[in-house]
Amino acid sequence: MVSVADINFARERRVSIIRMLIDKKKLPVVSFKLNIPGENKKIKFSDEIFNEGIKSIKEVCKNKIIWSKILNEITGNEFFASVDMDFFKLKVLLTDIEDSHFLGRIFDIDVTSTEGNSIKRKDIGKPERLCFLCDKPAFECARSRNHSVEEILNWIENISVKFFNK
């Protein structure tokens, strides 16, 4: 099970990795993980969903990925890549994955500019993400806990079964 301390440590590690990559590569950084609620980040299909996300990122970035690494942590798998592309264009392409891929709502793909700024959806004129289960903004449902972890995990499993035909 994942603790709050584990999540905080993972967040700090992610920031450190991103800063190190920007300093070394002088390129925008993509960081990718899954939106999986609850204490257990290793759920049925999580590896398959994660691999599908990486495949989609690599297809969009084509041969522009200069360096990449996958971390397999208790807090969930994480993918990092230095990409030789304009960070706004990169964010547009990656939010298109989040918005159009069948599993895209589960994907959490972030872009950090060479100045170390996280590029937000609003920065490229995209609306905020919606909840897995309803039409409200995701952060509102998460903050108010409108849906149980079990409901969301069931939704993730159901769409995964459809996508992977299992």
Side-chain angles (χ1 to χ4, degrees), residues 7 10-11 14-15 17-18 21-22 27-38 41-66 68-73 75-114 116-144 146-147 149 151-165:
I7 292 170
R11 185 178 301 120
R14 218 173 4 264
V15 169
I17 291 170
I18 291 168
L21 285 173
I22 289 170
L27 295 170
V29 175
V30 172
S31 58
F32 166 61
K33 59 187 181 58
L34 301 180
N35 286 316
I36 297 177
K41 304 302 181 183
K42 301 287 187 171
I43 62 170
K44 187 175 182 182
F45 295 111
S46 61
D47 287 341
E48 292 94 335
I49 297 166
F50 183 75
N51 290 335
E52 182 64 27
I54 291 173
K55 178 180 150 197
S56 297
I57 291 167
K58 286 180 174 181
E59 285 173 2
V60 163
C61 293
K62 299 194 180 2
N63 58 350
K64 301 289 186 181
I65 294 177
I66 304 304
S68 67
K69 181 159 185 76
I70 295 172
L71 299 179
N72 186 342
E73 302 290 336
T75 52
N77 296 333
E78 296 180 54
F79 172 78
F80 297 91
S82 293
V83 183
D84 189 10
M85 187 184 295
D86 173 77
F87 55 84
F88 278 108
K89 179 180 179 182
L90 184 58
K91 183 66 175 180
V92 168
L93 292 171
L94 297 177
T95 54
D96 285 348
I97 293 171
E98 290 178 336
D99 294 343
S100 65
H101 194 290
F102 192 76
L103 300 171
R105 184 57 197 90
I106 307 167
F107 299 162
D108 183 2
I109 311 171
D110 294 322
V111 174
T112 304
S113 74
T114 51
N117 300 315
S118 179
I119 310 305
K120 305 294 182 198
R121 293 173 69 88
K122 68 179 181 175
D123 296 334
I124 59 167
K126 295 253 186 159
E128 57 193 276
R129 295 187 84 179
L130 299 178
C131 172
F132 288 118
L133 303 174
C134 70
D135 291 332
K136 292 182 182 175
F139 78 92
E140 284 181 23
C141 282
R143 185 180 55 218
S144 62
N146 284 347
H147 313 288
V149 169
E151 285 177 288
I152 296 170
L153 293 177
N154 284 337
W155 180 85
I156 291 171
E157 184 172 340
N158 289 337
I159 70 160
S160 298
V161 165
K162 287 178 188 172
F163 184 79
F164 295 111
N165 295 313

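Just so it is clear, the values below take in all heavy atoms, side chains as well, and ignore hydrogens, waters and symmetry mates.
- Within the 4.5 Å cutoff, no side-chain heavy atoms of C61 are placed close to those of L93.
- Rounded to the nearest 0.5 angstrom, I66 CD1 and M85 CE are separated by 10.0 Å.
- In terms of heavy-atom proximity, S46 sits nearest to I36 at CB-CD1, 3.9 Å.
- Formation of a donor-acceptor pair under 3.5 Å by the D123 side chain with backbone atoms of K120 is found in this model.
- Heavy-atom minimum distance, E52 versus L103: CG-CD1, 4.1 Å.
- Using a 4.0 Å cut-off between charged side-chain N and carboxylate O, K64 and D86 make no salt bridge.
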inquiry  = Apply side chain to side chain contact (heavy atoms under 4.5 Å, CB included) to residues K58 and K55 and explain how you reach the verdict.
reply    = CA-CA 5 Å; K58 286 180 174 181; K55 178 180 150 197; 6.0 Å; no

ask   = Going through the checks in order, is the side chain to side chain contact (heavy atoms under 4.5 Å, CB included) test met by F107 and L34?
value = CA-CA 5 Å; F107 299 162; L34 301 180; 4.1 Å; yes

task = Given side chain to side chain contact (heavy atoms under 4.5 Å, CB included), test I49 with F164 step by step and report yes or no.
result = CA-CA 9 Å; I49 297 166; F164 295 111; 4.0 Å; yes

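- Closest non-hydrogen pair, L133 versus E151, comes out as CD1-CB, 3.8 Å.
- Residue I109 holds its CD1 atom at 4.5 Å from CD1 of I97, rounded to the nearest 0.5 Å.
- Taking a 6.0 Å sphere around CG of N158, one finds it holds more than 12 heavy atoms contributed by other residues, nucleotides or ligands.
- Side-chain atoms of K41 and N77 form no donor-acceptor pair, as typed in the model, at a separation below 3.5 Å.
- Not counting sequence neighbours, the partners of S31 by the side chain to side chain contact (heavy atoms under 4.5 Å, CB included) test are I18, F80, D110.
- Minimum heavy-atom separation, T114 to I22: O-CG2, 3.1 Å.
- Each of F87, F88, F32 was evaluated against V111; a single residue qualifies, F87, per the side-chain contact (heavy atoms from CB on, under 4.5 Å) test.
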task = Would you sort out whether R129 and N35 count as a side chain to side chain contact (heavy atoms under 4.5 Å, CB included), showing the intermediate values?
result = CA-CA 12 Å; R129 295 187 84 179; N35 286 316; 3.5 Å; yes

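- Between C131 and H147 the shortest side-chain heavy-atom distance falls below 4.5 Å.
- Within the 4.5 Å cutoff, the side chain of D96 has heavy atoms near those of the K126 side chain.
- In this structure, K42 places its NZ atom where more than 12 heavy-atom neighbours from other residues, nucleotides or ligands lie under 6.0 Å away.
- Between atom OG1 of residue T112 and atom CG of residue L27 there is a gap of 12.5 Å, rounded to the nearest 0.5 Å.
- Taking every heavy atom of both residues into account, V149 and G38 meet most closely at CG1-CA, 3.9 Å.
- Taking each heavy atom of C141 and K136 in turn, the nearest pair found is SG-CB, 3.8 Å.
- For S144, the side-chain hydrogen bond (donor to acceptor under 3.5 Å, both in side chains) test picks out N146, with sequence neighbours left out.
- Within the model, atoms CG of D47 and NZ of K44 stand 13.5 Å from one another, a figure rounded to the nearest 0.5 Å.
- Two residues are said to be in side-chain contact when any heavy atoms from C-beta on lie closer than 4.5 Å; V161 and F45 meet this criterion.
- Side-chain contact check for R121 versus E98: some heavy-atom pair is nearer than 4.5 Å.
- Legend: residues meeting side chain to side chain contact (heavy atoms under 4.5 Å, CB included) with N117, ordered by chain and number and at least two apart, are S113, E115.
- Taking CZ of F79 as the start and CG of N72 as the end, the distance is 14.5 Å to the nearest 0.5 Å.
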